[in-house]
Each structure stands twice: as C-alpha cells, then as structure tokens.
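A short write-up of the structure that comes next.
These values consider heavy atoms only, across backbone and side chains, with no hydrogens, waters or symmetry-generated copies.
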Amino acid sequence: MKWIIAILIFSLLILFHEFGHFLMARLNGVAVEEFSLGFGPRLLSAKRGETRYSLKLLLFGGSCRMRGMLGGTEDEDGNLSPEPGSFQAASAGQRAAIIFGGPFFNFLLAWICAVVVLAVVGYDPAVVTSVEDGSAAQQAGLKAGDTITSFMGRRVEIGRDVDTWFVFHDLSGGQNVTLTFKRDGQTHTVSYTPDVQRRYMLGLTYSVDGDRAEIQSVSVGSPLDKAGVRAGDVITAVDGTKITTAKSLYRYFQDHPLGQSSVKLTLSRGGRFWETDVKPLKRDDVRIGFGYNLGRTKTTAPQVIRLSFVELRYWIGTTLESIGALFTGRFGINDLSGPVGIVDVVGTTYEESRSEGALMTWMNMINLIILLSANLGVMNLLPIPALDGGRLLFLLIEAIRGKPVNPAVEASVETVVAVLLMLLMVYVMYHDVLTFVSP
C-alpha cells in the first residue's frame, strides 16, 4: 500500500510541476507537442489539438515537450531560424516565465495543501507553554502564555520556527538566549545566559505524549546517529525493560539516568525489530529554561489564508537551510534521501497514522505533499544546469550578453551535469536501500 500511496504522491507533484510549464507555454504562444506523466513506453495516449497527452510506464517522472525546445532550423546561410510557435521563438522573458512555471506550481500546490491542513487541524502558535522554576528564563521575566515573535534574531510565527532553529544551530555555554515576545498586547525583549547541565545523552528527541516511544529526530554525529538509528524508529525496550509508550521511556530514563555505561536499545522499523548497543555521549546540555508549543490550534478563515503563506515560507526556508547545512558540514551526503527513502517515510507515516483515524491519516499525507512539493520547487530552482534553475541561469547570461548561449555548449554542459546528478541519485538510492534493509 505504501508504494501505491508514494507513487500517487510523486505523480501529483510531477503532474503539477509539468502542468506549470504546460500552462505558461500555452499562455506565451508556445506549442506543446506532448504532455506526459511518466517516462518510457506509452501506456495510454490521446491527441487533442496540437498536443499529445500520454501516460507512460515509469511514473517517477514526466515531461512537457515543447516545439523547438533545443533550437530551430538552419536557413540557407547556416543561421538558426526558430520555428514559429516554438520555445526558441519566444522572447527571453517568455522563456523564463515558462521555465519558472514548473517550480511555481509546486509552490502553489504546497500552498493549497497548507490551506487544507490549516483549515482542518489549525496551526502551531509559538506560545511559551512552561517556564522552569528558578531558571534563567524565569529570572529574565518569561512566563507561560507569552507569544514568541523572535528567537535568536529570527522572526517567529509558528512554534516550528523555534524548533527548527535547534536543528541547524547549537547553543554553547556562555551564549546568550535572545527572544522577543508579546504579553497583553505589549512587546518585550529579553536576553539571558541559559543554565548549563552536564549530562550523558544519546542524541534523540521524542514526544512524551506519544502513544509509542517514536524517535522524532536524531542529532547528527550523536551515538544514535553513528549506530544507524533514525527518525521514525520506535524504541520498544531499553536494557531488557519493555517500553510501551513514550511516557514509559521517559520514566525509565528518570529512574535510570544515563552514565558512562552502554545501553542496549531494542527498536522497530517497518515492522522489523533489531538491537544496538549505544554508549552515551558526555556533553554540556544548555537548557533554555522554557517549553514552547508544537500542538495545533484552529483559527479563523482570514488567518488560515495568511498562515498558509507562513507555512510555505517555513518549508522553503527549511529546505534552503538544509542545503546550506550540506555545504557547512552539519549534514552529510548520507543524510540525503532519494525515492526509496521517501517511500519509506511515506509508508511509515501512513502506517502510524492509521490508528489515529482517516482524518489524521489524510492530514499527515497532505503534510507530506506540502514538504515534498516545496522541496521540489526549491531544488528545481537551484542554478544547476539540467534543472530549471540552470536554464534560468543560461537565460540570465543571454540577457547580459545580448545573445543566446551556443545551443551545443548549453546541451553539453547540461548532459555532463545530468550524468553527475544521476550518479549522485544512484548513490543516495543505494544508501537508502542499505539503510532500509539492514538497520
């Protein structure tokens, strides 16, 4: 079932992307010769006007083939003459609009899905839920119920804005926490040095309110990361003690604090159980002294529309930060996921959502569409030849030079980069398969 759901989601993302190219081509007078979902041999095909609509064998892809995409015909003097109604006959601005149409429609799909999710289950207001007694945060004046509007210089509109900051940044001992919050209509800014607690850790986060002890995230370079544990795995036992819920895991660690000795974890992944011995890492834990909301709250229709743009901004920003983290070394190439990894995430999310009912299953699937569609839009706009962003880069060069880049040179560059991207994809898929079949 998870493969079917994953294929349907991939097909929807690709269809929207290619439809963006298709619509912009038609609006700019460029003929579309074939609009297809999938690659390879045609399974179904029908021609309407000048366009053939096709369903092909391999659904992980699609295309919008426009007339004269690669050039024109040579006249008697050897000069290229773009065919009327072809892509090359359009102006540079029109061609840019056609190319941008694909990623734009991915953003549009993400926004539409965000409207649906926000209308049904609401958003996660960035509200302080608790403040530790005697903490530096309490002494700075922070109280439960305050609404965070800025954290460490970053604008905050939803609780995940705060949560994601910790994914890409670390607080070090002696570094001040700075945040702005609203209380009773008044805006306040505080800055304080957080408390530091020396402790042993495994490098995971989980929701104490969860039905199962499911790992929400694994810190890069942590003992669990090195042991091959990843988000979505469920802890079912620690040193032989059965763990049935997230609260039982919390109580176990309260009664058995981590120390220098290794612990044996039993985990499940996709219905398979496995064990690993993990040695906790000694570190200074910087405690910000307050908790913040990640739960959903329903809101008004006007707020749903506004917050859907916030949701889109959040996922675009998170994708860009993730790309940046690859270059800074915070994330490695093995943290990338290809189709196999994404299918696994889709399947795991679907299986775990079924117990929550049909509504939450649908909402979680739509949330995945938001994430994947925003990611696809951003990745396609990267200025890399063979991607939409690379084609836009060549158009920018054309605008600066006043004449097009030699088509043969452009095609050669795109071919080389396409091969490199394919090799990267093969490696990522290979790593996904290894991770999937052997914990």
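Not one N or O on the side chain of Asn293 forms a donor-acceptor pair closer than 3.5 Å with the backbone of Ala126. Counting only distance, with no hydrogens or angles, the side chain of Asn406 and the backbone of Ala408 share a donor-acceptor pair below 3.5 Å. Proximity of a side-chain donor or acceptor of Arg251 to a complementary backbone N or O of Gln254 within less than 3.5 Å is not detected. A donor-acceptor pair is defined here as one N or O able to donate and one able to accept, closer than 3.5 Å; such a pair exists between the side chain of Thr361 and the backbone of Gly357.
A salt bridge links Arg391 to Asp388: one of the charged nitrogens lies within less than 4.0 Å of a carboxylate oxygen. Ion pairing between a basic and an acidic side chain is recognised when a charged N comes within 4.0 Å of a carboxylate O; Asp161 and Arg154 show no such pairing.
Using cut-offs of 30° and 60° for the angle between ring planes, the Phe35 and Tyr53 rings count as perpendicular. Using a 30° and 60° split on the angle between ring planes, Phe105 and Phe16 fall in the tilted class, from 30° to 60°.
A donor-acceptor pair shorter than 3.5 Å cannot be found between the side chains of Thr180 and Thr149. Side-chain atoms of Thr236 and Thr266 form no donor-acceptor pair, as typed in the model, at a separation below 3.5 Å.
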Using the side chain to side chain contact (heavy atoms under 4.5 Å, CB included) rule, take Glu34 and Arg42 through it: C-alpha gap first, then chi angles, then the decisive distance, then the call. CA-CA 11 Å; Glu34 184 176 30; Arg42 294 190 183 106; 2.9 Å; yes
May I have the step-by-step check of side chain to side chain contact (heavy atoms under 4.5 Å, CB included) for Leu179 and Phe151, ending in yes or no? CA-CA 4 Å; Leu179 69 152; Phe151 183 79; 4.1 Å; yes
Before giving the answer on side chain to side chain contact (heavy atoms under 4.5 Å, CB included), spell out for Leu371 and Asn375 the whole-Å C-alpha distance, their side-chain angles and the decisive distance to 0.1 Å. CA-CA 6 Å; Leu371 182 158; Asn375 268 260; 3.7 Å; yes
Test log, rule side chain to side chain contact (heavy atoms under 4.5 Å, CB included), inputs Gln175 and Asp170: CA-CA 10 Å; Gln175 181 182 4; Asp170 291 310; over 6 Å; no
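Residues Pro385 and Val417 approach most closely at O-CG1, 3.0 Å, considering heavy atoms. Closest approach of Gly295 to Pro125, counting heavy atoms only: O-CD, 3.9 Å. Listed here is the closest heavy atom pair of Pro194 and Ile288: CB-CA, 4.4 Å. Smallest separation of non-hydrogen atoms from Ala136 and Asp195: N-OD2, 3.3 Å. Here the shortest heavy-atom pairing between Ser135 and Gly289 reads OG-O, 3.6 Å. Heavy atoms only, all atoms of each residue included: Ile235 and Leu249 are closest at CD1-CD2, 3.9 Å.
Within a 6.0 Å radius of CG in Asp211, other residues, nucleotides and ligands contribute 12 heavy atoms or fewer. Atom CE of Met379 sits in a sparse spot, with 12 or fewer heavy atoms from other residues, nucleotides or ligands closer than 6.0 Å. Tyr250 OH: 12 or fewer foreign heavy atoms inside a 6.0 Å radius. The number of heavy atoms from other shown groups lying within 6.0 Å of NZ (Lys226) does not exceed 12.
Side-chain contact between Trp274 and Val229 is present, with at least one heavy-atom pair separated by less than 4.5 Å. Side-chain contact check for Pro41 versus Lys56: every heavy-atom pair is 4.5 Å or farther apart. Within the 4.5 Å cutoff, the side chain of Asp133 has heavy atoms near those of the Gln138 side chain. Side chains of Val378 and Trp315 form no contact here, defined as non-hydrogen atoms less than 4.5 Å apart. For the pair Met152 and Trp165, the minimum side-chain heavy-atom distance is below 4.5 Å. A heavy-atom distance below 4.5 Å is not found between the side chains of His256 and Val238. Using a 4.5 Å cut-off on side-chain heavy atoms (C-beta onward), Lys279 and Tyr200 make no contact. For the pair Ile215 and Leu267, the minimum side-chain heavy-atom distance is below 4.5 Å.
Atom CZ of Phe104 and atom CG of Leu381 lie 11.5 Å apart (nearest 0.5 Å). If you take CD on Glu18 and CG on Leu13, they are separated by 11.5 Å, rounding to the nearest 0.5 Å. Between the OG atom in Ser248 and the NZ atom in Lys242 there is a gap of 10.0 Å [rounded to 0.5 Å]. To the nearest 0.5 Å, atoms CD1 (Ile14) and CD1 (Ile9) are separated by 12.0 Å. With values rounded to the nearest 0.5 angstrom, Thr318 atom OG1 is found 8.0 Å from Arg313 atom CZ. A distance of 12.0 Å separates OG of Ser150 from NZ of Lys182, quoted to the nearest 0.5 Å.
Checked against Leu202 for a side chain to side chain contact (heavy atoms under 4.5 Å, CB included), the options Leu224, Val218, Leu281 give a single hit: Leu224.
The side-chain contact (heavy atoms from CB on, under 4.5 Å) test applied to Ala114 returns Ser308, Glu311, Ile370, not counting sequence neighbours. Legend: residues meeting side-chain contact (heavy atoms from CB on, under 4.5 Å) with Lys143, ordered by chain and number and at least two apart, are Asp146, Arg183. For Asn176, the side-chain contact (heavy atoms from CB on, under 4.5 Å) partners at least two apart in sequence or on another chain are Ser191, Thr193.
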